[in-house]
Visitor: 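The structure that follows is given in the form of structure tokens.
Owing to the predicted nature of the structure, the values given are computational and were not obtained by experimental measurement. Proteins get letters first, then strands, A, B, ... in listed order; numbering begins at 1 in each.
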Protein chains: 2
Amino acid sequence: MEQYIELLKSNKIKVTPQRLAIVELMDVHGHISVRDIFAHIKANFPSLSLATVYKNINAMVESSFIKELKIVGQDAKYELIKEEHSHMICKNCGKVDDIILETNAIVTSASEISNYNIDESSVQLLGLCPDCQ
Amino acid sequence: MEQYIELLKSNKIKVTPQRLAIVELMDVHGHISVRDIFAHIKANFPSLSLATVYKNINAMVESSFIKELKIVGQDAKYELIKEEHSHMICKNCGKVDDIILETNAIVTSASEISNYNIDESSVQLLGLCPDCQ
DNA sequence: CTGACTGCAAACGTTTTGCACGGTA
DNA sequence: TACCGTGCAAAACGTTTGCAGTCAG
């Protein structure tokens with residue numbers, strides 16, 4: 001709890017119960033959609049408005065401490081920004097898992113081949129998770 | 001033209017002027033949004049309906065000969081499926097370019113580390129294109 | 001105390017749907 | 001000719017906005 005308060009404060013965002021609930025849920029779930037954030041929090045906090053969730057998520061993305069994850073065939077999900085990592089996505093159940101991979105080689109290679117100045121990469125690996133195989 | 005007719009026929013999709021215009025535009029542009037498809041074709045084909053564009057794109061995705069490309073901060077784009085490739089995206093102007101990269105190493109590595117059965121990867125490299133540097 | 005945040009309702013833009021007509025095979 | 005595709009209008013979504021009341025700092 002204290003950690004979430006600090007996270008918000010260090011990003012100069014006012015601390016409110018709604019915001020704490022959002023970052024806590026994101027931290028626990030790893031990746032979560034707006035729909036799921038709303039459903040989960042609303043259960044224990046009935047006055048919550050969807051508009052508030054949207055406003056806060058947009059503000060947090062703006063402040064660059066959460067980021068949006070777009071996945072083909074799924075709603076956008078949001079996650080707290082921590083160490084850089086890639087995502088594995090199950091084509092059957094939709095589960096998303098983090099994995100830390102060495103992606104420098106790809107970025108370097110792309111920089112050499114093209115004239116782009118690349119400073120960020122997004123790697124998604126699609127397949128079947130252990131449970132769905 | 002003949003090639004586009006073949007493409008549709010080989011996917012058991014009836015050939016219509018609207019569909020030919022869509023696949024031709026996609027082939028020429030590489031990656032294009034629904035909005036842009038509609039705008040471009042409508043110019044020479046005023047009776048075209050947006051609903052038709054949506055219905056056809058969905059059918060083509062369903063038939064797996066085009067695919068949806070989701071990019072953070074942009075509308076979804078669609079492209080014909082050809083050889084596997086990665087995408088470089090300009091953070092300034094939004095341009096998307098294809099690049100062929102060796103991604104087997106990453107897939108292999110992820111397969112070894114995790115218990116996922118991975119058969120597809122999506123790599124997006126973000127930065128500045130030559131014109132925007 | 002003051003400005004920012006919340007919840008509500010309305011507005012908006014995008015995508016989907018149902019239906020009558022028209023075109024492909 | 002029979003069926004599928006098209007265009008239109010309406011409906012269904014997801015997301016954003018404006019506003020009045022409330023709360024955090």
Side-chain angles (χ1 to χ4, degrees), chain A residues 1-2 4-25 32-63 65-78, chain B residues 1-2 4-25 32-63 65-78:
Chain A
M1 178 58 60
E2 190 57 40
Y4 304 131
I5 294 177
E6 282 314 312
L7 178 61
L8 292 173
K9 283 189 177 168
S10 67
N11 283 282
K12 303 190 183 10
I13 290 198
K14 229 178 234 185
V15 179
T16 68
Q18 294 86 340
R19 285 171 178 170
L20 283 173
I22 291 171
V23 295
E24 179 176 8
L25 195 56
I32 189 163
S33 66
V34 168
R35 168 183 302 281
D36 287 346
I37 290 172
F38 180 66
H40 277 80
I41 301 179
K42 182 100 181 169
N44 299 312
F45 196 152
S47 72
L48 179 72
S49 156
L50 234 198
T52 298
V53 176
Y54 277 109
K55 285 171 187 166
N56 284 329
I57 284 181
N58 288 341
M60 292 175 190
V61 169
E62 195 70 25
S63 295
F65 71 93
I66 72 173
K67 75 174 179 189
E68 185 180 318
L69 189 58
K70 289 193 172 186
I71 302 173
V72 169
Q74 295 191 23
D75 287 348
K77 290 183 160 51
Y78 296 85
Chain B
M1 178 58 61
E2 190 56 42
Y4 303 130
I5 294 178
E6 282 315 312
L7 178 61
L8 293 173
K9 282 189 177 168
S10 66
N11 282 282
K12 304 192 183 5
I13 291 196
K14 226 179 236 183
V15 178
T16 67
Q18 293 87 340
R19 287 171 177 169
L20 283 173
I22 291 172
V23 294
E24 179 175 9
L25 195 57
I32 188 163
S33 66
V34 169
R35 169 183 301 282
D36 287 347
I37 290 172
F38 181 66
H40 277 81
I41 303 179
K42 183 99 179 168
N44 299 310
F45 195 153
S47 73
L48 179 73
S49 155
L50 233 197
T52 297
V53 176
Y54 277 108
K55 285 171 187 165
N56 284 329
I57 284 181
N58 289 341
M60 292 174 190
V61 169
E62 194 71 24
S63 295
F65 71 93
I66 73 173
K67 75 174 179 188
E68 186 180 316
L69 189 59
K70 289 192 172 185
I71 303 173
V72 168
Q74 295 191 21
D75 287 348
K77 290 183 161 50
Y78 296 86

Visitor: Can you name the closest pair of heavy atoms from Ile37(B) and Leu25(B) and give their distance?
Guide: CA-CD2, 3.7 Å
Visitor: What distance separates Ile32(A) CD1 from Phe38(A) CZ, expressed to the nearest 0.5 Å?
Guide: 13.0 Å
Visitor: What is the separation between atom CD1 on Ile57(A) and atom P on dT6(C), rounded to the nearest whole Å?
Guide: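 In whole Å, dT6(C) P and Ile57(A) CD1 are 12 Å from each other.
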Visitor: CD of Glu68(A) versus P of dG14(D): gap in Å, rounded?
Guide: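 Glu68(A) atom CD is separated from dG14(D) atom P by 15 Å.
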Visitor: Lys14(B) or Val53(B): which one's nearest nucleotide on DNA chain D is closer to the 5' end?
Guide: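 In this pair, the answer is Lys14(B).
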Visitor: dG5(D) C1' sits how many Å from Asn58(B) CG, rounded?
Guide: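 In whole Å, dG5(D) C1' and Asn58(B) CG are 14 Å from each other.
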Visitor: To the nearest angstrom, how far is Lys9(A) atom NZ from dC5(C) atom P?
Guide: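 The distance from NZ of Lys9(A) to P of dC5(C) comes to 15 Å, rounded to the nearest Å.
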Visitor: When only distance counts, do a donor and an acceptor, one from the side chain of Lys55(B) and one from the base of dG18(C), lie under 3.5 Å apart?
Guide: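 Flag set: donor-acceptor pair detected.
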Visitor: Rounding to a whole Å, what distance do you find between Phe45(B):CZ and dG5(D):P?
Guide: 15 Å
Visitor: May I ask you to verify if any side-chain N or O of Thr16(B) is less than 4.0 angstrom from the OP1 or OP2 atom of dT6(D)?
Guide: yes
Visitor: To the nearest 0.5 Å, how far apart are CD1 in Ile66(B) and CD1 in Ile57(B)?
Guide: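 Ile66(B) CD1 to Ile57(B) CD1: 5.5 Å, rounded to 0.5 Å.
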Visitor: Establish, with yes or no, whether the OP1 or OP2 oxygen of dT6(C) is under 4.0 angstrom from a side-chain nitrogen or oxygen of Ser49(A).
Guide: no
Visitor: Can you see if the side chain of Asn56(A) gets near the phosphate of dC5(C) - specifically, an N or O under 4.0 Å from OP1 or OP2?
Guide: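 Negative; the distance criterion is not met.
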Visitor: Between Ile13(A) and Pro17(B), just flag the one whose closest nucleotide in DNA chain C comes earlier from the 5' side.
Guide: Ile13(A)
Visitor: Does the side chain of Ile13(A) reach to within under 4.5 Å of the side chain of Leu7(A), using non-hydrogen atoms?
Guide: no
Visitor: Of Val34(B) and Val15(B), whose nearest nucleotide on DNA chain C comes first from the 5' end?
Guide: Val34(B)
Visitor: Return the value, rounded to whole Å, for the distance between atom CG of Asp75(A) and atom P of dC13(D).
Guide: 13 Å
Visitor: Just checking Ser47(B): base, sugar-phosphate only, or nothing, at a heavy-atom cut-off of under 4.0 Å?
Guide: sugar-phosphate
Visitor: Write down the distance between CG (Leu50(A)) and P (dA10(C)), rounded to a whole number of angstrom.
Guide: 16 Å
Visitor: How many angstroms lie between CZ in Arg19(B) and CD1 in Ile5(B), if you round to the nearest 0.5 Å?
Guide: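 These two atoms lie 13.5 Å from each other.
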Visitor: So does Gln18(A) get a side-chain nitrogen or oxygen closer than 4.0 Å to the phosphate oxygens (OP1/OP2) of dC23(D)?
Guide: no
Visitor: Given dG7(C), dT6(D), dT6(C), which nucleotide is nearest the side-chain atoms of Arg19(B)?
Guide: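 Nearest to the side-chain atoms of Arg19(B), counting from C-beta on, is dT6(D).
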Visitor: To the nearest angstrom, how far is Leu20(B) atom CG from dG5(D) atom P?
Guide: 13 Å
